[in-house]
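Proteins get letters first, then strands, A, B, ... in listed order; numbering begins at 1 in each.
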Protein chains: 2
Amino acid sequence: MIELFQLEQLAAFGKYGTLSKAAEALHLSQPTLTRSMQKLEAEFGVSLFRHAKNKLEFNENGELAAEHAVRILNQTRDMLELVRAKDRASHTLSFGTCAPVPALILLQNAAQAYPNMAVSTESKDNETLLAGLRNGEYQAIILPYQPEGQDLCWKEYGTETLAFALPPGHPLANRDGLYMRELDGENMLLYADIGFWHELPAQKMPHSRFLIQSDRFAFTELVQSSVLPSFVTDAAMRLYGPPENRKVVPILDPEATVAYYAVCLKQGLHRVKRLF
Amino acid sequence: MIELFQLEQLAAFGKYGTLSKAAEALHLSQPTLTRSMQKLEAEFGVSLFRHAKNKLEFNENGELAAEHAVRILNQTRDMLELVRAKDRASHTLSFGTCAPVPALILLQNAAQAYPNMAVSTESKDNETLLAGLRNGEYQAIILPYQPEGQDLCWKEYGTETLAFALPPGHPLANRDGLYMRELDGENMLLYADIGFWHELPAQKMPHSRFLIQSDRFAFTELVQSSVLPSFVTDAAMRLYGPPENRKVVPILDPEATVAYYAVCLKQGLHRVKRLF
DNA sequence: GCGCATTACGCGAGGCGTAATAATT
DNA sequence: AATTATTACGCCTCGCGTAATGCGC
């Protein structure tokens, strides 16, 4: 039977034009290719080459055969690629999230429930998350609201309430609660990786400027060393503790408290059952 | 690298369900397949099977791999098929003809001009011939008229005149020429393989019945032993000699004389150049 | 003289079979 | 007892490299 290494050699000759170049590219000797091409002709039962004086080139049969060869080789590579990808996917849980805190909790739970799985997570907006869930990119997602859809399973996944973290000297630092509009206009420190929480301050405090810090260390450092107000949430404080040298004042706007839902496809429930 | 014989074994296991059945089908031993499957898993770098008690079966990776394997194997068979077909076509000249006599001459000429080619011919009606020429089915065709078309090459290929072959006792046997209507109503012997020549008698002698003989021997025998009129042509007599025991009377209708044209595509002229 | 194709000869990896073992029906 | 998967061991094919020859720019 004809074999892939022969097709590879055929394709290489088609690509490089001479046996020597092809042999070099394949890390083989020229004699090897001479014999291979002869064997190939024998197995096709057909002449594939024009033998010029000191030059070997395809005839029409050879051209056709080489085209098919590259197609078959590509398909073989695709097969390897796809099977490996499928295997990788079967050992990986991919989550999408609207916010980092519930994602961390989900990651912890997943790592515990599926110790042999690789677990990854990424932040996207809600529509992107749902689309990614439905096209198989995510096995589960975290949404800040209860989803709708016959194809979905969900489970409550905790709540989170936004609060101001004010320097002790701030005029409003002693209040028990604040509405966001009361600080509208003040410039604030904002950590970049907070998912959908970006929306609320931008909407409720249109006159404030937000100094966005993408580096976690820089952010905590600035919170301690500056008098700029910043944000914190109850859930984040449970994970990381309260910010140092700050008064935490809960935000009273109803949108500042959200309930999270872990969501998966009903047809994909088996892959994340232990989390639901 | 992964090889086709491995994919064949993979596909066979997918088809037959057990290593033993697959081994039998491939004329291999079971141990060989055990090792092959292990090697295959190693080369994929991925597990392909569920190892049950005394049963081996694909997991999802294996299913996917086997599907791709059969696709690749089919494509390989197709490649062999197509290349061989192309080669065969390049060693074959296929002609289409409207009548047998010029076809014989064309065959003789082609066999002489292209001694290494296989030559074949078949009779069709004129429209079918032109269509077959244009779709590559024929390298050349014989038409009973001068063709039109920018894409065509042609060459005169002789003439042929139809005649009556009458028994000596026939009342019209001594005439120098006859019109077809003069024998209209008489039943006649007709050889089957005469191409387009079937049209003219049917049209000009609507009241005659034609006793069609598909066997050449039966036809000549009947011509000798019966008093039924039959047809012959000048060109056929040059090939086979005059019919025994018959008076040959040329037909005077102008349609009874045709000029043949050998026709080929301009783009296909190189394949039949020596004939044009 | 250098590059390309081809032939001759020997090596060694690897694919295969046989024999043997184990587990299941 | 029969069937299936698996392991151990040795054979032998066949794909490869090295060396050498022929041929042409």
Side-chain angles (χ1 to χ4, degrees), chain A residues 1-63 65-66 69 72-73 76 80, chain B residues 1-63 65-66 69 72-73 76 80:
Chain A
M1 183 170 50
I2 198 163
E3 288 300 338
L4 284 181
F5 76 88
Q6 296 173 287
L7 296 186
E8 191 121 42
Q9 295 170 353
L10 192 74
F13 176 74
K15 180 173 179 183
Y16 295 104
T18 76
L19 289 183
S20 346
K21 299 281 176 57
E24 186 183 350
L26 294 175
H27 305 291
L28 292 174
S29 64
Q30 290 102 334
T32 296
L33 284 197
T34 295
R35 261 180 296 107
S36 289
M37 298 300 108
Q38 291 166 344
K39 194 151 213 168
L40 222 28
E41 280 186 315
E43 273 162 350
F44 270 91
V46 151
S47 132
L48 299 172
F49 303 94
R50 264 189 296 275
H51 296 263
K53 313 295 167 122
N54 203 17
K55 177 81 183 164
L56 192 71
E57 50 186 19
F58 281 144
N59 61 20
E60 290 192 349
N61 296 333
E63 297 280 4
I72 291 169
L73 291 167
T76 305
L80 282 168
Chain B
M1 182 169 49
I2 199 164
E3 287 301 338
L4 283 181
F5 75 90
Q6 297 174 287
L7 297 186
E8 191 121 41
Q9 295 170 352
L10 192 74
F13 177 75
K15 179 175 179 185
Y16 295 103
T18 75
L19 290 183
S20 345
K21 301 281 175 57
E24 187 183 351
L26 295 174
H27 305 292
L28 292 175
S29 64
Q30 290 102 334
T32 296
L33 284 196
T34 296
R35 260 180 297 107
S36 289
M37 298 301 108
Q38 290 166 345
K39 195 152 211 166
L40 222 28
E41 280 186 314
E43 272 162 352
F44 271 91
V46 152
S47 133
L48 298 173
F49 303 93
R50 265 188 296 276
H51 297 261
K53 315 294 171 113
N54 200 19
K55 177 82 184 161
L56 191 71
E57 51 186 18
F58 280 144
N59 60 21
E60 291 192 351
N61 296 333
E63 297 280 3
I72 291 169
L73 291 168
T76 305
L80 282 167

Contact class for A:Gln9 (heavy atom, under 4.0 Å): base, sugar-phosphate, or nothing? sugar-phosphate
Strand contacts (DNA chain D) in residues 40-53 of chain B, 4.0 angstrom heavy-atom criterion: B:His51
Can you list every pair that meets salt bridge (charged side-chain N to carboxylate O under 4.0 Å, His left out) and has a residue in residues 1-14 of chain B, with sequence neighbours left out? B:Glu8-B:Arg77
A:Glu8 atom CD is separated from D:dG15 atom C1', nearest whole Å, by 15 Å
Those residues that, when tested against A:Lys21, pass side chain to side chain contact (heavy atoms under 4.5 Å, CB included) (two or more places apart): A:Tyr16, A:Thr18
Which residues share a side chain to side chain donor-acceptor pair (under 3.5 Å) with A:Glu24, sequence neighbours left out: none
Rounded interatomic separation in angstrom, taking NZ from B:Lys39 and P from D:dT6: 16 Å
Taken in chain and number order and not counting sequence neighbours, the residues that satisfy side chain to side chain contact (heavy atoms under 4.5 Å, CB included) with A:Gln30 are A:Ser20, A:Ala23
Boundaries of the chain B footprint along DNA chain C (any atom under 4.0 Å from a heavy atom): C:dG15 to C:dT24
Under the salt bridge (Lys or Arg N to Asp or Glu O under 4.0 Å) rule, collect the residues that match up with A:Glu60, sequence neighbours excluded. B:Lys86
Side-chain donor-acceptor pairs of residues 49-58 of chain A under 3.5 Å, sequence neighbours excluded:
unit_1, atom_1, unit_2, atom_2, d
A:Arg50, NE, A:Glu57, OE2, 3.4
A:Arg50, NH2, A:Phe58, O, 3.0

Step by step, would you call B:Thr76 with A:Met1 a side chain to side chain contact (heavy atoms under 4.5 Å, CB included)? CA-CA 10 Å; B:Thr76 305; A:Met1 183 170 50; over 6 Å; no
Taken in chain and number order and not counting sequence neighbours, the residues that satisfy side chain to side chain contact (heavy atoms under 4.5 Å, CB included) with B:Ala65 are A:Val83, B:Leu10, B:Phe44, B:Leu48
Reckon B:Lys55 has a side-chain N or O less than 4.0 Å from the OP1 or OP2 of D:dA5? no
For residues 34-43 of chain B, which residue pairs qualify under salt bridge (charged side-chain N to carboxylate O under 4.0 Å, His left out), counting only residues two or more places apart or in two chains? none
Taking only residues two or more places apart in sequence, or in another chain, which ones meet B:Thr34 in a side chain to side chain donor-acceptor pair (under 3.5 Å)? none
Tell me, which of residues 11-35 of chain A have any heavy atom that sits under 4.0 Å from an atom in DNA chain C? A:Thr18, A:Leu19, A:Ser20, A:Lys21, A:Gln30, A:Pro31, A:Thr34
